[in-house]
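What's counted below: heavy atoms across the whole structure, side chains too, no hydrogens, waters or symmetry copies.
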Amino acid sequence: MKRMRWIPLLLAAVLAGCSPAAAVSGENGELQRYEASFLDLFDTVTSVVGYAPSEEEFRQTVEQLHDRLEEYHQLYDIYNLYDGVANLKTINDNAGVAPVMVDGRILDLLEFSQQVYQESGGQVNVAMGSVLSLWHQYREAGIEDPENAQLPPEDQLEEARNHCSMEGVVIDREASTVYLPDSQQSLDVGAVAKGYALERVCQEMAGTPMIVSLGGNVRAVAPRPDGSPWVIGVQDPDGGEEFLHRVEVGTGSVVTSGDYQRYYTVDGIRYHHIIDPETGYPANRYRAVTILCQDSGWGDGLSTALFTLPQEEGERLLQAHDAQAMWVLPDGSMTYSAGFEEYIQG
């Protein structure tokens with residue numbers, strides 16, 4: 001089986017040129033392997049590897065994928081507004097003012113987020129925008145000016161934590177509206193949105209021999225044309241050139257949450273972006289958690305939840321979703337759920 005080293009292409013164009021590799025025979029004849037990458041969605045790199053009879057057909061498939069993901073990107077954006085689109089920023093801007101009529105895909109995401117919130121015991125909370133935005137502000141300032149990097153003031157953090165009630169998010173399915181009665185509350189769906197959007201789009205393309213990485217949320221749509229699985233590298237949190245493991249996946253998702261993705265340093269201590277709702281500070285149980293799960297939305301939610309939970313509690317969540325996990329501990333050692341090692345390439 002051919003090994004695939006999953007590396008974003010980091011090209012400047014919205015849709016990069018496609019590069020063919022050796023042909024593979026499938027049910028529909030001989031198919032070529034192509035790669036593409038684009039940079040304009042969810043503030044991250046999207047990379048695609050797939051098989052098609054020609055470059056033109058692969059390009060059409062990738063353009064379809066891009067356009068569908070772009071719709072979700074605009075709907076779930078909390079920073080920017082778009083002409084004719086009522087999105088999450090619109091909801092946040094109208095907190096304490098009025099309900100906002102939205103696309104059903106926003107309602108779907110928020111109802112999914114409520115389910116993740118309940119099953120995780122509140123460890124994944126998209127209503128924590130007030131806390132997350134405060135950390136975001138200080139992280140960005142600290143990255144720009146490392147010598148003067150600071151933590152958010154404790155009194156501001158405590159005040160922000162008073163405006164994180166998931167029960168306070170009012171969803172009216174019949175009226176297609178969302179309302180935040182608390183004017184100081186805001187939504188931040190970073191823990192679930194990428195995986196959820198990727199899952200919805202990949203389900204529409206079921207059967208296509210293709211694998212997509214949306215900022216590290218990897219979703220295998222279907223196996224390679226000869227039926228063999230894809231091989232996905234699990235990144236070393238310390239940035240080593242070698243992967244911790246290579247896992248084999250035919251369909252489904254591989255999602256990692258880690259302390260190395262977005263962080264800044266204050267007085268020699270690293271503060272990353274995964275905030276524990278119980279403390280209001282970055283969780284410190286693990287360096288990284290990797291989830292193997294059929295559904296990318298749940299993979300996203302589980303990776304965040306398990307990053308903040310004791311392993312025993314995390315394993316109960318995994319069992320409910322037929323998922324597997326690998327934890328990287330602060331000392332660099334690794335531990336696994338019962339079935340994870342079956343996916344590691346031998």
Side-chain angles (χ1 to χ4, degrees), residues 42-43 76-81 87-100 102 106 109-146 148-171 178-194 257-259 261-267 269-286 300-301 303-309:
F42 289 94
D43 193 30
Y76 298 162
D77 197 336
I78 64 172
Y79 300 109
N80 304 289
L81 296 173
N87 63 5
L88 290 179
K89 177 171 172 52
T90 313
I91 295 170
N92 288 342
D93 289 348
N94 282 274
V97 178
V100 177
V102 296
I106 290 181
L109 174 68
L110 294 180
E111 289 175 349
F112 172 75
S113 299
Q114 288 179 328
Q115 184 179 357
V116 177
Y117 174 83
Q118 292 167 359
E119 293 196 24
S120 68
Q123 292 302 110
V124 182
N125 182 1
V126 302
M128 279 182 58
S130 56
V131 171
L132 297 177
S133 64
L134 189 59
W135 276 104
H136 177 81
Q137 172 189 341
Y138 276 82
R139 183 170 64 248
E140 291 298 301
I143 292 173
E144 184 174 339
D145 184 7
N148 294 304
Q150 298 179 0
L151 297 180
E154 188 65 33
D155 60 339
Q156 292 185 30
L157 270 178
E158 284 302 311
E159 173 58 23
R161 293 179 67 193
N162 292 328
H163 305 282
C164 297
S165 171
M166 192 66 177
E167 291 76 11
V169 180
V170 181
I171 301 172
V178 180
Y179 181 44
L180 305 178
D182 181 352
S183 63
Q184 301 303 307
Q185 189 171 32
S186 61
L187 299 172
D188 185 324
V189 296
V192 294
K194 286 189 301 181
S257 289
D259 66 4
Q261 295 169 329
R262 279 179 285 164
Y263 65 90
Y264 74 122
T265 303
V266 180
D267 296 330
I269 300 175
R270 175 185 293 187
Y271 293 88
H272 59 80
H273 72 292
I274 306 174
I275 305 302
D276 186 338
E278 292 189 358
T279 66
Y281 280 82
N284 58 11
R285 294 181 186 275
Y286 314 107
D300 221 354
S303 71
T304 302
L306 267 64
F307 196 90
T308 67
L309 288 170

Tell me, with the steps shown, if L81 and N87 meet side-chain contact (heavy atoms from CB on, under 4.5 Å). CA-CA 7 Å; L81 296 173; N87 63 5; 3.7 Å; yes
Restricting to side chain to side chain donor-acceptor pair (under 3.5 Å), what partner residues turn up for [X], sequence neighbours left out?
| X | answer |
| --- | --- |
| E154 | Y281 |
| N94 | none |
| N92 | none |
| D267 | none |

Does any non-hydrogen side-chain atom of [Y] lie less than 4.5 Å from one of [X]?
| X | Y | value |
| --- | --- | --- |
| V170 | P181 | yes |
| Q123 | V116 | no |
| V169 | L180 | yes |
| W135 | P152 | yes |
| S257 | Y286 | no |

Listed partners of [X] passing salt bridge (Lys or Arg N to Asp or Glu O under 4.0 Å), at least two apart:
| X | result |
| --- | --- |
| E140 | none |
| D93 | K89 |
| E111 | R173 |
| R270 | D259 |

I'd like to know whether I106 forms a side-chain contact (heavy atoms from CB on, under 4.5 Å) with V100, so could you lay out the CA-CA distance, the side-chain angles of the two residues, the decisive distance to 0.1 Å, and finally the verdict. CA-CA 11 Å; I106 290 181; V100 177; over 6 Å; no
Only pairs under 3.5 Å count here: list side-chain donor-acceptor contacts from residues 185-193, not counting sequence neighbours, and write none if there are none.
residue	atom	partner	partner atom	Å
Q185	NE2	S165	O	2.8
S186	OG	S130	N	3.3
D188	OD1	G190	N	3.0

Going by salt bridge (Lys or Arg N to Asp or Glu O under 4.0 Å), name the pairs with one or both residues in residues 158-171, residues two or more places apart or in two chains. E158-R161
Once you round to the nearest 0.5 Å, how far does [atom1] of [X] lie from [atom2] of [Y]?
| X | Y | atom1 | atom2 | result |
| --- | --- | --- | --- | --- |
| D276 | M128 | CG | CE | 8.0 Å |
| I274 | R262 | CD1 | CZ | 8.5 Å |
| L110 | L88 | CG | CG | 6.0 Å |
| L132 | Q137 | CG | CD | 13.0 Å |
| L157 | N162 | CG | CG | 11.0 Å |
| L151 | L134 | CG | CG | 10.5 Å |

Is the side chain of R285 donor-acceptor paired with the backbone N or O of T308 at a distance under 3.5 Å, no angle test? yes
Using only atom types and a distance under 3.5 Å, with no angle test, would you say the side chain of D182 pairs donor to acceptor with the backbone of G168? no
Nearest heavy-atom pair of [X] and [Y]: which atoms, and what distance?
| X | Y | value |
| --- | --- | --- |
| Y179 | G96 | OH-C, 3.6 Å |
| C164 | V131 | SG-CG2, 3.7 Å |
| H273 | G258 | CE1-O, 3.9 Å |
| G142 | A149 | CA-CB, 3.7 Å |

Quick one: list whatever passes ring pair (Phe, Tyr, Trp, His ring centres under 6.0 Å) with H272, sequence neighbours left out.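 Counting only residues at least two positions away or on another chain, H272 forms a ring pair (Phe, Tyr, Trp, His ring centres under 6.0 Å) with F307.
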Exceeds 12 heavy-atom contacts within 6.0 angstrom, atom CG of D43: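 No.
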Show, in sequence, the C-alpha distance, side-chain angles and deciding distance for N284 and Y271, and conclude whether the side-chain contact (heavy atoms from CB on, under 4.5 Å) test is met. CA-CA 9 Å; N284 58 11; Y271 293 88; over 6 Å; no
Could you list the residues that satisfy side-chain contact (heavy atoms from CB on, under 4.5 Å) with P153, not counting sequence neighbours?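 Only Y138, D155, Q156 meet the side-chain contact (heavy atoms from CB on, under 4.5 Å) criterion with P153.
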The test is side-chain contact (heavy atoms from CB on, under 4.5 Å); show your working for V266 and Q150 and say whether it passes. CA-CA 6 Å; V266 180; Q150 298 179 0; 5.6 Å; no
